[in-house]
Number of protein chains: 2
Amino acid sequence: MTRIINKPKDTVSQVLNGVAYIHQDILQRIPKTGILLRKELTPDRVAIISGGGSGHEPAHFGYIGENMLDASVSGPIFIPPTAEEVFEAIQKTDQGKGVLLVIKNFEADVNNFLQAEKQAKEAGHNVSHVIVNDDCSVETGSFEKRRRGVAGTVFVHKILGAAASEGKSLDELVSIGEKVINSMNSLGVALSSGTSLTGETSNFTLEKDMISFGIGIHGEEGYRSEPFHSSEHLANELLNKLLVQYDDYTNKRFAILVNGLGTTTVMEQYVFSNDVKRLLKLEGVTVVYAKTGNYMTSTNMAGISLTLLEITEESWLEYLKKPTNAFAW
Amino acid sequence: MTRIINKPKDTVSQVLNGVAYIHQDILQRIPKTGILLRKELTPDRVAIISGGGSGHEPAHFGYIGENMLDASVSGPIFIPPTAEEVFEAIQKTDQGKGVLLVIKNFEADVNNFLQAEKQAKEAGHNVSHVIVNDDCSVETGSFEKRRRGVAGTVFVHKILGAAASEGKSLDELVSIGEKVINSMNSLGVALSSGTSLTGETSNFTLEKDMISFGIGIHGEEGYRSEPFHSSEHLANELLNKLLVQYDDYTNKRFAILVNGLGTTTVMEQYVFSNDVKRLLKLEGVTVVYAKTGNYMTSTNMAGISLTLLEITEESWLEYLKKPTNAFAW
């Protein structure tokens with residue numbers, strides 16, 4: 001499938017320029033970098049930065065704005081930004097209250113962001129981080145594998161962003177972030193693999209009409225492939241695996257995020273949302289906040305992910321509901 | 001390509017239920033109809049209703065909310081709702097100030113909405129309408145053809161919705177609407193045809209790596225097919241055809257809408273936006289408002305459309321910028 005791009009090597013830079021143009025009221029690009037910076041930083045607030053490889057649009061620049069991020073740092077497709085760029089974003093956003101990095105749990109991302117944190121601390125900045133690992137598809141039995149950071153990351157952006165605007169300190173934000181992350185689980189299913197920009201290589205192989213449960217947002221293979229049956233069947237599989245992560249889930253309250261993985265239409269996202277609704281009702285689970293849309297994609301993968309966040313603090317719900325001008329929330 | 005649905009015949013109803021569930025703070029479904037109704041109607045305001053066939057999600061329900069629509073009425077895929085359903089929506093939304101129907105210029109849509117208007121007038125409602133015909137791909141030489149209503153419809157929703165909230169009368173809204181529509185032009189290009197829900201039939205035929213300029217949102221054939229070159233080439237072709245609709249365009253101010261037609265990724269939408277930016281700058285055209293996203297899709301078509309709206313009244317820009325809680329704006 002042809003894609004609307006120019007030279008593949010220019011794509012990431014052109015995306016950043018396009019975003020900076022369309023959303024010039026909210027953000028600006030630091031020329032020749034992967035950094036998009038909020039136009040007017042909120043003074044007297046801990047700054048919040050997120051980022052990672054490109055290919056997950058509108059993550060993360062779509063979350064820059066009031067009560068969310070102060071900057072995003074984008075690398076090449078599926079490759080994290082350099083430590084130098086993250087360090088530059090820290091310098092540009094620190095308002096004297098410190099800077100919090102929201103990192104997705106992939107080895108290269110963690111390495112580069114933590115190296116930037118170290119460098120920034122040496123330069124006198126107060127910096128800390130949280131590592132998001134909401135993907136519960138990976139068996140934790142093997143110490144070589146790790147839970148990945150996926151769509152739930154945007155819940156972390158919103159909750160910590162709103163908490164920061166309320167005046168929480170860097171230490172308080174780290175503590176809230178870790179609690180949120182420990183209360184959150186995501187799982188995705190692909191109907192087609194994403195491909196490279198030229199369409200020449202696929203991230204994984206999936207035969208016609210087959211689906212793969214538990215895929216990652218960089219095209220990491222899932223835990224099981226089978227023929228597609230129905231939206232309801234997908235919802236049932238994902239929910240079963242997600243709910244068992246919680247003890248006594250019928251007495252808990254949840255925020256949910258239905259996330260399109262790239263080329264899945266709005267129509268399909270709401271059919272799936274309707275199945276999730278029906279199944280959660282049958283299970284007696286209480287949903288107090290819900291969102292559906294393209295929040296964390298994997299280039300042109302067709303598929304969907306579902307995130308459950310147990311709301312254990314009333315303030316999290318307030319933070320989720322606080323208004324923002326971030327264009328992708 | 002498999003799609004995330006259940007039985008195709010249940011899809012539209014399940015989409016409406018999914019939307020009513022996820023956005024229950026904003027809207028509700030009138031059971032067993034295609035009507036989604038704003039939860040709290042603004043009193044003392046002309047009500048605004050839009051709708052049409054399904055397959056264009058998030059149109060039109062995504063525009064229900066403050067400063068936009070009071071109700072949307074969805075029919076089956078690519079088939080407008082019945083006059084009876086539109087009439088019911090009029091009855092449900094009329095707050096005593098009258099009701100304005102925003103209709104896309106397709107014969108069946110116009111027929112059913114105008115029949116509902118007639119029926120409502122006989123029942124004592126004050127009802128009027130505007131017909132959106134922003135698509136400039138169709139040669140107007142033939143009287144059998146007509147300019148269609150496409151993505152620019154959402155600019156009409158926003159401008160008239162905000163004007164209605166400001167207290168404009170039904171007649172005033174019709175007059176504003178007609179001026180806006182006369183200042184607006186859209187054009188789309190497809191990289192793949194949309195298909196029926198089962199994938200068995202395509203709306204039109206397009207060979208691999210070929211694109212079609214001037215397609216309609218129901219899969220109406222375009223005015224020219226050719227091999228895909230680049231995003232810049234698409235932007236150039238669409239802009240050339242759009243700008244010639246305006247005399248002396250370098251001295252005019254425009255709002256632009258870059259619209260994904262279904263399965264086009266966020267990444268591609270911003271690469272294209274960047275090309276539009278560059279070309280408009282070269283032409284010396286002033287852009288005062290810009291949006292990029294999936295606003296008016298055509299099921300699973302891959303492609304993009306571009307809308308130009310000449311801002312001839314400063315108030316239009318204010319109306320575009322007024323906040324709304326409509327989820328797709």
Side-chain angles (χ1 to χ4, degrees), chain A residues 1-7 10-12 14-19 21-24 54-55 57-58 62 189 191-192 208-211 228 230-232 234 258 262-278 287 290-294 297 299-300 302-304 323 327-328, chain B residues 1-7 10-12 14-19 21-24 54-55 57-58 62 189 191-192 208-211 228 230-232 234 258 262-278 287 290-294 297 299-300 302-304 323 327-328:
Chain A
M1 164 68 70
T2 307
R3 271 191 275 189
I4 304 177
I5 56 171
N6 298 300
K7 287 183 188 152
D10 298 332
T11 300
V12 168
Q14 292 177 349
V15 168
L16 296 174
N17 285 341
V19 169
Y21 170 62
I22 298 289
H23 306 286
Q24 54 191 281
S54 291
E57 299 74 18
V189 56
L191 280 74
S192 79
K208 195 173 173 300
D209 299 332
M210 292 291 281
I211 60 172
F228 174 79
S230 65
S231 168
E232 186 182 353
L234 301 191
V258 173
T263 58
T264 295
T265 61
V266 175
M267 174 181 266
E268 293 165 272
Q269 293 175 18
Y270 282 105
V271 168
F272 179 81
S273 299
N274 182 56
D275 288 315
V276 168
K277 163 204 160 188
R278 237 172 27 74
V287 174
K291 281 185 92 69
T292 296
N294 290 332
T297 62
T299 68
N300 61 342
I304 212 152
F327 73 84
Chain B
M1 164 68 69
T2 307
R3 271 192 275 189
I4 304 177
I5 56 171
N6 298 299
K7 289 183 187 154
D10 299 331
T11 300
V12 169
Q14 290 177 350
V15 169
L16 296 174
N17 286 340
V19 170
Y21 170 62
I22 297 290
H23 306 288
Q24 55 191 283
S54 290
E57 300 74 18
V189 56
L191 280 74
S192 81
K208 194 173 174 302
D209 298 333
M210 293 291 280
I211 58 170
F228 175 81
S230 64
S231 167
E232 186 182 355
L234 301 191
V258 173
T263 57
T264 294
T265 60
V266 175
M267 173 182 267
E268 293 165 273
Q269 293 175 17
Y270 283 104
V271 168
F272 179 83
S273 300
N274 183 55
D275 288 314
V276 168
K277 164 205 161 187
R278 237 172 26 78
V287 174
K291 282 185 91 71
T292 295
N294 290 332
T297 62
T299 67
N300 60 342
I304 213 152
F327 74 83

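Letters A, B, ... mirror the listed sequences (proteins, then strands); counts begin at 1. In what follows, every heavy atom counts, from backbone to side chain, and hydrogens, waters and symmetry copies are set aside.
The candidate from B/Pro58, B/Gly303, B/Gly62, B/Ala302 with the greatest count of non-hydrogen atom pairs under 4.5 Å with chain A is B/Pro58. Of all the listed residues (B/Val19, B/Thr11, B/Val12), the one sharing the greatest number of non-hydrogen pairs under 4.5 Å with chain A is B/Val19. Of the listed residues A/Val276, A/Leu234, A/Ile22, the one with more heavy-atom pairs under 4.5 angstrom with chain B than any other is A/Ile22. For chain A, the option among B/Asn294, B/Thr292, B/Thr264 with the highest count of heavy-atom pairs below 4.5 Å is B/Thr292. Among A/Val258, A/Asn274, A/Asn300, the residue making the largest number of heavy-atom pairs under 4.5 Å with chain B is A/Asn274.
Proximity to chain B is absent for every atom of A/Lys7, based on heavy atoms less than 4.5 angstrom apart. Contacts of A/Lys277 with chain B are made by both backbone and side-chain atoms, with heavy-atom separations under 4.5 Å.
Put simply, the side chain of A/Ile211 does not reach to within 4.5 Å of the side chain of B/Thr2, judged on heavy atoms. Inter-residue side-chain proximity for A/Thr265 and B/Thr297 is flagged as unmet; no heavy-atom pair is nearer than 4.5 Å.
With rounding to the nearest 0.5 angstrom, the CD1 atom of B/Ile5 is 8.5 Å from the CE atom of A/Met267.
Among the candidates A/Asn17, A/Val15, A/Leu16, the single residue satisfying the side chain to side chain contact (heavy atoms under 4.5 Å, CB included) test with B/Tyr270 is A/Val15.
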What verdict does the side-chain contact (heavy atoms from CB on, under 4.5 Å) test give for A/Ile4 and B/Val189, after you've listed the backbone C-alpha separation in whole Å, the side-chain angles of each residue and the deciding distance to 0.1 Å?
CA-CA 10 Å; A/Ile4 304 177; B/Val189 56; 5.6 Å; no
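Nearest heavy atoms, A/Phe228 versus B/Arg3: CZ-O, 3.2 Å.
In this structure, the side-chain contact (heavy atoms from CB on, under 4.5 Å) partners of B/Asn6, at least two apart in sequence or on a different chain, are A/Ser230, A/Ser231, A/Glu232, A/Val271, A/Asp275, B/Gln14.
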